[in-house]
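Side chains are part of it too, since the values below use all heavy atoms of this structure and drop only hydrogens, waters and symmetry mates. As the structure is a prediction and not an experimental result, all values here were calculated from the model.
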Amino acid sequence: MRVAVMTAGSRGDIAPYTGLAHGLAAAGHEVTVATHASFGPLVEAAGVGLCPLPVDPRAELESGRGRALHASSTGAGKILRLLAMARALVGDMAPPLAALARESDALVCSSSLAPLGHALGEGLGVPSLGAFLQPLHATREFGPSVLGGRSYGPWANLLTGHLGNLALDRVFAETVRATLRDLPAAAPGAARAARHRARERQRWPVLHGFSPAVVPRPRDWRPGLEVCGYWWPHDPPGARLPDRIETFLAAGAPPVFVGLGSATVPDPERTGATVVRALRAAGLRGVVQRGWAGLRAREADDVLIVEEVPHSLLFPRVAAVVHHCGAGTTAAGLRAGVPAVPVPVQFDAGFWASRLVALGVAPRAVPLRALTADRLAAALVTAVRDPSHAHRARRVAARVRAEDGTGAVVAAVGALAERRR
């Protein structure tokens, strides 16, 4: 079949779908990934087609509107600002997504584009499924992951989960209505049929790209919501670390990796200096990734500054990973089997940080708002010197590596093919 994989967001929202798309192509499908043009090289390296979307997520986060996210002191406040940003941008992405959907036999939709992707499928008669990196369906077992996953009690958890999905519907409502008006075959009321509540009544299939060893499937989820294991970013054959990183690794004890991925920070220079002071106070070498935060620090014998680097190649060779707890980086650290020090910044980061601590892979979280050199150094010393964290990290790694999350999606797409026939 001609399969369209639709995803939007930061690098961590895109990279796992390159492995997923590569797996679908290996199964014989003709695959096109619809995502931001800035991630084109990442997609094309996986050997699949690219449908470029016009929005540049990094530029948006670095804009005044993106920087305003730091003005919110609560998770709910950040979410409201993010939803306002998304509402302003999603309309620009609709035309290329609609054009791709017209030429496709099946749609695989990430959570960031699920309402629009599902609506296009309904309007065009193209079967679709969800492929989510976070648990977004309401459950009594924990609060919304995008708010940090804190539990408010069973019924409050359920209520806030439903409210979150209603808010997402509102982000897409105007774009869905406008897009479906341009589809002559769309049935009357198709816009209403695209809402979250309607998807639930249809039991729209959603597969989740994380391990049940990390987040067990909630017992109150409906049938059709599956937790199938991680989807790993595609690494081209022969990929290797740059020579300067190899030289640094060979020059001493395994370093600590520090990176905040796609998260931005109010003061990159101050944050970079805090990280270096913490590493030195803990007596550890460090590989510091600039990332979208633009962390600033001076290179030295014990500190190496890097740009983008394949996590699958570097993480197994470090003593610990300090990261912002994006879904993709969290997965990469777990796969590597090394301890973590979570520095959650916003949105679902608090949820993944709490999972790492509960698994025993991390000693504790050090949220960005509470980050000091002393706190980070103390967490690093515990993570690296206490062997229990490394032991638990290796046990979790063995479980997640044994799972075949991509195979589950390939099978589900095959089921869509049977349904279409």
Side-chain angles (χ1 to χ4, degrees), residues 1-11 13-18 20-21 24-25 29-40 42-44 46 48-60 82-83 85-133 136 168-187 190-196 198-199 202 204-207 409 413 416 420:
M1 292 197 302
R2 296 167 298 175
V3 180
V5 178
M6 300 177 170
T7 184
S10 68
R11 184 185 179 92
D13 298 307
I14 313 306
Y17 294 94
T18 64
L20 199 58
L24 287 165
H29 301 294
E30 179 185 334
V31 184
T32 301
V33 176
T35 193
H36 311 290
S38 53
F39 296 117
L42 201 65
V43 171
E44 289 163 350
V48 298
L50 171 70
C51 172
L53 301 182
V55 175
D56 183 339
R58 183 169 186 175
E60 289 298 327
L82 181 67
L83 292 177
M85 285 179 63
R87 188 180 298 112
L89 299 172
V90 69
D92 294 334
M93 295 187 281
L97 289 172
L100 177 62
R102 286 189 180 95
E103 300 170 356
S104 301
D105 301 309
L107 310 180
V108 177
C109 310
S110 75
S111 59
S112 56
L113 293 176
L116 182 54
H118 176 265
L120 287 168
E122 292 295 296
L124 293 166
V126 179
S128 66
L129 59 81
F132 292 5
L133 297 177
L136 297 180
L168 189 61
D169 276 347
R170 295 193 64 179
V171 169
F172 284 88
E174 183 177 341
T175 296
V176 165
R177 283 195 295 269
T179 302
L180 290 177
R181 278 198 301 267
D182 294 335
L183 301 180
R192 289 192 301 276
R195 294 174 183 169
H196 177 77
R199 295 198 300 274
Q202 295 173 9
W204 189 54
V206 179
L207 286 81
V409 178
V413 169
L416 289 185
R420 188 171 179 84

query = How about Pro16 and Leu133: do any of their side-chain heavy atoms sit closer than 4.5 Å?
reply = yes
ask   = Are any non-hydrogen side-chain atoms of Met93 and Pro54 less than 4.5 angstrom apart?
value = yes
task = Please name the pair of heavy atoms, one in Leu124 and one in Arg102, separated by the smallest distance, quoted to 0.1 Å.
result = CD1-N, 3.7 Å
query = Do you know the tightest heavy-atom contact between Ser110 and Tyr17?
reply = CB-OH, 3.3 Å
task = Begin with the C-alpha distance, continue with both residues' side-chain angles, and end with the deciding distance and a verdict on side-chain contact (heavy atoms from CB on, under 4.5 Å) for Leu168 and His196.
result = CA-CA 9 Å; Leu168 189 61; His196 177 77; over 6 Å; no
key: Gap separating the CG atom of Leu107 from the CG atom of Leu416, nearest 0.5 angstrom   = 9.0 Å
note = The reported gap from OG in Ser112 to CD1 in Ile14 (rounded to nearest 0.5 angstrom) is 6.5 Å
ask   = Taking all non-hydrogen atoms of both residues, which atom of Leu120 and which atom of Ala101 are closest, and how far apart?
value = CB-CB, 4.1 Å
ask   = Is Thr35 reaching over with its side chain to a backbone N or O of Thr7, donor-acceptor style, under 3.5 angstrom?
value = yes
query = Between the side chain of His36 and the main-chain N/O of Gly9, is any donor-acceptor distance below 3.5 Å?
reply = yes
request  = Taking all non-hydrogen atoms of both residues into account, name the closest pair between Leu113 and Phe172 and its distance.
outcome  = CA-CZ, 4.2 Å
note = When rounded to the nearest 0.5 Å, the distance separating OG of Ser104 from NE2 of His29 is 12.5 Å
request  = Calculate, to the nearest 0.5 Å, the distance between atoms CE and OG belonging to Met6 and Ser128 respectively.
outcome  = 9.0 Å
message = If I take atom SG from residue Cys51 and atom CG from residue Leu97, how far apart are they, to the nearest 0.5 angstrom?
response = 6.0 Å
Partner of Val48 by side-chain contact (heavy atoms from CB on, under 4.5 Å), out of Thr18, Thr32, Val31 = Val31
query = What pair of heavy atoms forms the shortest contact from Ala119 to Val176, and how long is it?
reply = CB-CG1, 3.8 Å
inquiry  = Applying side chain to side chain donor-acceptor pair (under 3.5 Å), can you list everything that pairs with Thr179, at least two apart in sequence or on another chain?
reply    = none
task = For residues Gly123 and Leu180, report the shortest heavy-atom separation together with the two atoms involved.
result = CA-CD2, 4.1 Å
query = Tell me, do Arg199 and Pro115 make a side-chain contact under 4.5 Å, heavy atoms counted?
reply = yes
